[in-house]
Amino acid sequence: MKSELLEDLRWRGLIAQSTDEAALAESLAKPTTLYIGFDPTAPSMHVGNLVVLLVMRRFQLAGHTPIALVGGATGLVGDPSGKNEERTLNTEETVANWVERIKTQLSQYLDFNAPKNAAIMANNLDWTSPLSAIEFLRDIGKHFSVNQMLSKDSVSARLEASGISYTEFSYQVLQALDYLELYRLHNCTLQMGGSDQWGNIVAGLDLIRKVEQGSAHALTVPLLTKADGTKFGKTAGGSVWLDPEMTSPYAFFQYWLNTDDKDVVNFLKVFSFKSHEEIIELEKAHNENPGARTAHRELARELTSLVHSPETCVRVEAAAKALFGQGELAELDEATLTAALSELPRTTVKRSEPMPTWVDLIAATGVVDSKSAARRIVKENGAYLNNAKVTAEDFAPSESDFLCGKYAVLRKGKRDLAAVELVD
RNA sequence: GGCGGGUUGCCCGAGCGGCCAAUGGGAGGGGACUGUAAAUCCCCCGGCUCUGCCUUCGAAGGUUCAAAUCCUUCACCCGCCA
C-alpha cells in the first residue's frame with residue numbers, strides 16, 4: 001500500500017525515520033489524527049520550526065487532523081535533545097506569556113475552523129499540572145526503565161559532556177505522557193518532530209503500548225542542513241524569527257533571497273507548496289541562469305507571503321528593488337522612497353541642529369556596534385551615502401544630500417542598509 | 001561534606017610577573033571578483049575626545065616600581081569519593 005502523502009514527503013526529503021512504514025501508509029489511507037509539539041523557548045518561533053510546522057500543514061491539506069501542542073509544561077522543564085548544556089529555567093510567567101504568543105503564531109498555519117478536519121490546539125500543562133508527584137511516579141514513572149532512558153542519545157550525549165540534571169532527564173517521560181494523553185483524548189496515532197525528537201517520540205509509543213495496549217506511529221523530519229555546514233536559520237544577528245517585531249519582513253525576505261545556490265532547490269522542496277513540476281521547472285531555470293535567481297525569488301516570495309502577508313511581501317520586495325536597483329535613488333518619488341525606507345533601521349536628524357559627521361551618523365543608525373567600527377568601515381571604503389562611496393571620516397552631509405528633502409540612504413558594505421530622516 | 005581540576009575578548013583556546021588590548025583557530029566585518037550567491041585573494045576585528053588615552057583576562061582585597069600572570073577570601077562550573 002502506498003501513501004501519496006508519504007511519497008510526496010519522501011520526494012521533498014522530509015522523512016528521516018519512521019516506525020513500520022507499511023503500517024503507517026495503511027493508517028494514512030484513512031483520516032488520521034497526528035501531533036507535533038512546540039516548546040516555548042522564546043517569544044516567537046523561528047524558521048527552523050517552520051520545517052516541521054509546514055509538514056503538519058501538508059497533513060491537514062491531505063485530509064488529516066493536526067494537533068498543535070504547545071509545551072506549557074515541557075517548556076518549564078527543558079528538552080535536553082540537541083543541547084550540550086543544561087539550560088537555565090525561565091520563570092512560569094515568562095513561559096506562560098510565550099505559550100500565548102506561540103499559540104497565536106501556530107493558528108496562522110493550520111485551519112482551526114475547517115468543517116471536516118479542523119486543527120486542534122492543546123497545551124500539555126492542562127494534564128501535567130493537576131498531576132501530583134506521587135501519581136506521576138506511581139502511574140507513569142513505573143513504566144520507564146532508567147537503563148533505557150540513559151541510552152537515549154539526548155541523555156547519553158549529555159552524560160559525556162557537561163552532565164544533566166534530574167529535571168531535564170525527566171523530559172522524555174513528560175513527552176511520552178503527552179502522546180499517551182492525546183492518544184486517549186483524540187485518538188492521536190502519529191507523532192512527528194525533528195529527527196532529534198526520535199527518542200522522545202518512541203518513549204511515547206512504548207508508554208501507549210504498555211498502558212493502553214495501543215499501537216501508534218512515529219515519523220521524524222531530518223534536520224535541515226546547509227551546503228556550507230552552518231546552521232540553518234541563523235544569521236550573524238541571531239535566529240530568523242517569524243515574529244515581524246523580531247525579524248523584519250524585509251530581513252526575512254532577504255534571508256531567503258540570499259540562500260546559497262546549492263541549497264535553493266532543496267529549500268523549495270522543503271518549504272514550498274508548489275507542485276513537483278513547478279519546482280523542477282524552477283530548478284531548470286536556476287541551472288540555466290543562476291544569476292537571475294528566479295528560484296531564490298520564488299522561495300522568498302512564497303515564504304514571506306505565507307509568514308507575513310502577500311501585501312507585505314510586495315512592499316518588501318519593492319523596497320529591496322528600489323534600494324538595490326541600478327537606477328538612481330534620486331529619481332525615486334517620495335512615496336516609493338518612504339515605503340522602501342520604512343523597512344529599514346533608521347535614525348533621525350533635526351533640521352535645527354548641526355549635521356553630525358559621517359562617522360557619527362553611521363554609528364547612530366546602528367548598522368555598526370560602535371564609533372570605532374564606523375570609523376573602520378569608512379577607512380575600508382565600505383560606507384556609502386545614497387549609493388555613493390564616502391571615504392572622509394569628517395564629511396558632514398548637507399541638506400542637499402537628503403532625497404526629497406528628507407531622506408538619506410546609508411549603506412554599509414553591499415547590503416546592509418539604513419535610513420536617515422531629516423525632521424523638524 | 002572531603003579531595004582534585006577549572007573560570008581569559010562573540011566561541012574555542014594560548015599566555016603563568018614587565019616586550020599584553022593579550023599568540024592561534026573559528027565566527028563576524030570591509031574590499032577585489034560577481035549575481036544582494038559560492039569559492040578565492042587582501043585587509044580589519046575592546047572602547048574613546050585615536051600618533052595618545054581609558055577599560056578588560058570569574059569577583060573583591062593584597063604584595064610589587066610593575067599582575068591575566070604571585071598571595072588571601074568569595075562565587076560559580078566540572079570530576080572523583082562519601
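Chain identifiers are assigned alphabetically (A, B, ...) following the order of the sequence lines, protein sequences preceding nucleic acid strands; residue numbering begins at 1 within each chain.
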note: A:K379, atom NZ; B:G30, atom C1'; distance rounded to Å ~ 12 Å
May I ask you to establish whether A:R58 and A:F273 are in a cation-pi arrangement, using a distance under 6.0 Å from NZ or CZ to the six-membered ring centre and at most 45° from the ring axis? yes
Counting only side-chain N and O atoms of A:K231, is one of them less than 4.0 Å from OP1 or OP2 of B:C11? no
message = With a 4.0 Å cutoff (strictly under), does any side-chain N or O of A:R411 reach OP1 or OP2 of B:U36?
response = no
Looking at A:F324, does the NZ or CZ of A:R415 lie under 6.0 angstrom from its six-membered ring centre and within 45 degrees of the ring axis?
-> no
Determine whether the side chains of A:Y179 and A:Q191 contain a donor N or O and an acceptor N or O closer than 3.5 Å. no
What about A:K321, does its side chain sit under 3.5 Å from the base of B:U36 through a donor-acceptor pair?
no
Given Watson-Crick and G-U pairs under 3.5 Å, RNA chain B in dot-bracket ([ ] crossing, | other strand) is ((((((((.[[[..)..(.....]]].(((((.......))))).(((...)))...[[[[[..)....]]]]]))))))).
- P-based separation of B:U8 from B:G58 [nearest Å]: 6 Å
RNA chain B nearest-nucleotide lookup for A:P290 and A:Y384: closer to the 5′ end is A:Y384
Give a yes or no on whether a salt bridge exists between A:K274 and A:E281, defined as a side-chain N under 4.0 angstrom from a carboxylate O. no
Notebook entry, point to check: Is the distance between the ring centroids of A:H296 and A:W256 under 6.0 Å?
Noted result: no
Aromatic ring centroids of A:W241 and A:F252 under 6.0 Å? no
Per atom distances to the A:K412 side chain, the nearest of B:U36, B:A38, B:G30 is B:G30
Next on the checklist: Using the C1' atom as the point on both nucleotides, what is the distance between B:G6 and B:C12, in whole Å?
Outcome noted: 15 Å
With A:L106 as partner, the option from A:I102, A:L110, A:T104 fulfilling side chain to side chain contact (heavy atoms under 4.5 Å, CB included) is A:I102
- Message: Check for me whether A:R57 meets the cation-pi criterion with A:Y109, that is, NZ or CZ under 6.0 Å from the six-membered ring centre and within 45 degrees of the ring axis.
- Response: no
Notebook entry, point to check: For atom C1', what is the distance between B:A82 and B:U73, given to the nearest Å?
Noted result: 27 Å
A:N258 CG to B:G28 P, in whole Å, measures 14 Å
Have a look at A:T230 and say if it touches a base, only the backbone sugar-phosphate, or nothing, with a 4.0 Å heavy-atom cut-off.
nothing
Distances under 3.5 Å only, N/O to N/O: pair up the protein atoms with those of nucleotides 75-82 of chain B.
none

- Strictly under 6.0 Å, is that where the ring centroids of A:F267 and A:Y255 end up? no
Whole-Å distance, A:Q254 CD to B:A37 C1', equals 13 Å
Winner on side-chain proximity to A:L257, out of B:G47, B:C33, B:U36, is B:U36
Fill in: Separation between the C1' atoms of B:C11 and B:U64, rounded to whole Å
35 Å
**Q.** C1'-based separation of B:U23 from B:G9 [nearest Å]
**A.** 13 Å
The nucleotide from B:A37, B:G30, B:A32 with an atom nearest the side chain of A:I377 is B:G30
inquiry  = Side-chain N or O of A:S370 versus OP1/OP2 of B:C48: is the shortest distance under 4.0 Å?
reply    = yes
Q | C1' gap between B:C20 and B:G46, integer Å | A | 13 Å
Taking B:A22 as the reference, what is the distance to B:A67 when you measure between their C1' atoms (whole Å, please)? 13 Å
Query raised in the report: How far does the C1' atom of B:A75 sit from the matching atom of B:G61, given to the nearest Å?
Result: 15 Å
Sorted by position of nearest nucleotide on RNA chain B, 5' first, the leading residue of A:G291 and A:K371 is A:G291
